[in-house]
There are 2 protein chains.
Amino acid sequence: MASTVRRPSRVAKLPPRERILDAAEELFQREGIRRVGVQAIAEKAETTKMAIYRHFETKDELVAEWMRIVAADYQAAFDRVRTEYPGRPREQILGLARFIAEGLPAVSHRGCPFINTLAELPDRSHPARQVIEKHKAHQTRRLVGMCTEAGLPDPEQAAAEITFVLEGAQVSTQNGSIDQAGDRLMRIVEGIVDRHRPPLGSPRATVD
Amino acid sequence: MASTVRRPSRVAKLPPRERILDAAEELFQREGIRRVGVQAIAEKAETTKMAIYRHFETKDELVAEWMRIVAADYQAAFDRVRTEYPGRPREQILGLARFIAEGLPAVSHRGCPFINTLAELPDRSHPARQVIEKHKAHQTRRLVGMCTEAGLPDPEQAAAEITFVLEGAQVSTQNGSIDQAGDRLMRIVEGIVDRHRPPLGSPRATVD
DNA sequence: TCCACACGATACCGCTCGGTATCACTAGGG
DNA sequence: CCCTAGTGATACCGAGCGGTATCGTGTGGA
């Protein structure tokens with residue numbers, strides 16, 4: 001391990017900015033934002049504090065950039081299920097739920113980055129908080145659209161219910177109150193999208 | 001006149017320990033744990049840092065004591081619905097949901113103390129964290145019992161679903177993605193407890 | 001060849017943190 | 001009466017924080 005560190009330029013290291021973001025992501029996720037100092041991020045990224053402040057105005061801006069990356073990951077999951085199941089909104093919703101359910105073991109005991117960051121940043125004007133709220137609003141809009149396409153009778157209510165269970169599954173995994181949360185989550189979401197099947201002959205009915 | 005309840009600072013102050021806990025509760029809830037220093041708590045409690053350390057070994061122990069108080073509040077809500085609707089588990093569950101739903105506006109943008117504290121304390125051996133996990137496990141057990149009494153066919157799955165939506169409603173209120181979360185939450189829980197009404201004359205579900 | 005420029009390293013600043021030591025005061029019980 | 005115990009006030013400690021200043025260094029393009 002030390003031998004790889006020895007080589008500064010012969011080994012193709014990622015550019016500093018990427019290394020900083022990678023290190024920040026891992027430390028923030030594992031320890032929380034306020035527990036992690038800029039110095040610790042620099043060390044994990046194999047660079048220095050000065051380099052961080054050359055790429056990010058403040059630590060708060062670094063946090064916001066991290067949140068933008070996480071939000072982009074979720075957006076990518078949305079895009080993926082949409083191209084994977086074109087015209088089949090029911091499968092799209094289940095794909096999203098599976099994306100969350102499969103991510104539960106990885107974040108067990110540390111939970112969702114959005115929820116944790118929100119808890120650590122009570123200031124509503126914090127740049128990272130604005131990123132989160134904008135992302136969540138956008139995500140809700142897309143989910144309502146899917147529920148509408150799926151022919152659910154009250155799409156906004158269904159989207160709210162799905163959102164609640166997705167968030168709640170992550171929280172309950174974090175505090176250890178519900179076991180097999182992933183399986184339970186999938187069954188719940190299946191129940192939601194199947195509860196009000198569109199009447200037979202509906203143009204948007206699922207094909208299988 | 002409210003003077004009986006009011007606590008003029010000079011005349012009839014609460015004992016220091018109570019004032020400290022009251023001040024800590026408000027500051028922790030509003031600002032988060034790590035943002036609030038012991039000095040700030042002392043000032044709000046109209047006492048000094050030394051007095052705090054006479055009553056609590058460390059700041060972490062003060063946090064844990066706060067969590068015990070919050071957990072006791074939730075336990076009291078459980079007890080209240082059980083005595084308020086004796087032998088009517090469906091109403092008990094709805095009463096719990098109403099307890100959460102009515103609390104949503106008060107904690108909007110700051111969320112549930114348990115979730116926030118968990119986010120700020122990644123160390124699983126932290127005393128406050130153990131209080132939370134023990135409380136959540138106990139709460140789940142009680143909820144499963146209610147679902148069993150209500151005759152829901154899969155009480156553990158139903159309890160998981162209810163837990164998810166209760167937690168999720170608080171998270172979604174905090175990040176502002178779902179409006180009218182309280183009303184939506186109540187409709188969802190009503191749907192859960194009404195979805196599988198036990199057939200008339202059906203035998204009781206098995207109790208674990 | 002030279003220069004610009006991003007990067008690395010280190011020292012430093014002011015501030016706040018959790019926690020401790022010390023001393024004076026006051027109320028209550030024998 | 002005094003003795004004790006809890007309280008208030010203040011000063012202090014070492015450590016870590018976010019952020020800055022300064023100087024050295026290696027490399028690539030002209």
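By convention in this document, chain letters (A, B, ...) are assigned in the order of the sequence lines, proteins followed by strands, and residues within each chain are numbered from 1.
Gln39(A) has its CD atom 8 Å from the P atom of dC17(D), to the nearest Å. Per the geometry, CD belonging to Glu46(A) stands 15 Å off C1' belonging to dA9(C), to the nearest Å. The interatomic distance linking Glu57(A) (CD) with dG19(D) (P) rounds to 10 Å, in whole Å. In this structure, the CZ atom of Arg35(B) is 11 Å from the P atom of dC17(C), given to the nearest Å. Residue Ile41(A) contributes atom CD1, which lies 14 Å from atom C1' of dG16(D) at whole-angstrom precision. Here the C1' atom of nucleotide dT20(C) and the NZ atom of Lys59(B) are 17 Å apart, to the nearest Å. Between the P atom of dC17(D) and the CG atom of Asp60(A) lies a distance of 15 Å, rounded to the nearest Å. What separates CD1 of Ile20(A) from C1' of dA6(C) is a distance of 12 Å, to the nearest Å.
Distance alone, capped at 3.5 Å, is enough to place a donor-acceptor pair between the Asn116(B) side chain and the Arg110(B) backbone.
In this structure, of dG19(C), dA9(D), dG8(C), it is dG8(C) that holds the atom nearest to the side chain of Thr48(A). Of the candidate nucleotides dT20(D), dG8(C), dT10(D), dT20(D) has the atom lying nearest to any side-chain atom of Tyr53(A). The side chain of Met50(A) sits closest to dT22(D) out of dG8(D), dT22(D), dT10(D).
Between Lys44(A) and Glu25(A) no salt bridge is recorded (no basic side-chain N to carboxylate O distance below 4.0 Å). The pair Glu120(B)-Arg35(B) does not meet the salt-bridge criterion, since no charged nitrogen lies less than 4.0 angstrom from a carboxylate oxygen. Glu149(A) and Arg82(A) are joined by a salt bridge, as a carboxylate oxygen and a charged side-chain nitrogen come within less than 4.0 angstrom of each other.
The aromatic rings of Tyr74(A) and His135(A) sit perpendicular, their planes meeting at an angle over 60°, well past the 30° parallel limit.
Take the nearest nucleotide of DNA chain D for Arg17(B) and for Gly37(A): the residue whose nucleotide is more 5' is Arg17(B).
Contact of Lys49(A) with dG19(D) (side chain to base): a donor-acceptor pair of N or O atoms is detected under 3.5 Å.
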Sort me out a list of protein N/O and nucleotides 4-6 of chain D N/O pairs below 3.5 Å, or just none if empty.
none

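You'll find the ring centres of Phe99(B) and Phe78(B) outside the 6.0 Å limit.
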- side-chain contact (heavy atoms from CB on, under 4.5 Å) between Glu133(A) and Gln130(A): does it pass, once the steps are laid out? CA-CA 5 Å; Glu133(A) 294 188 357; Gln130(A) 295 182 340; 5.9 Å; no
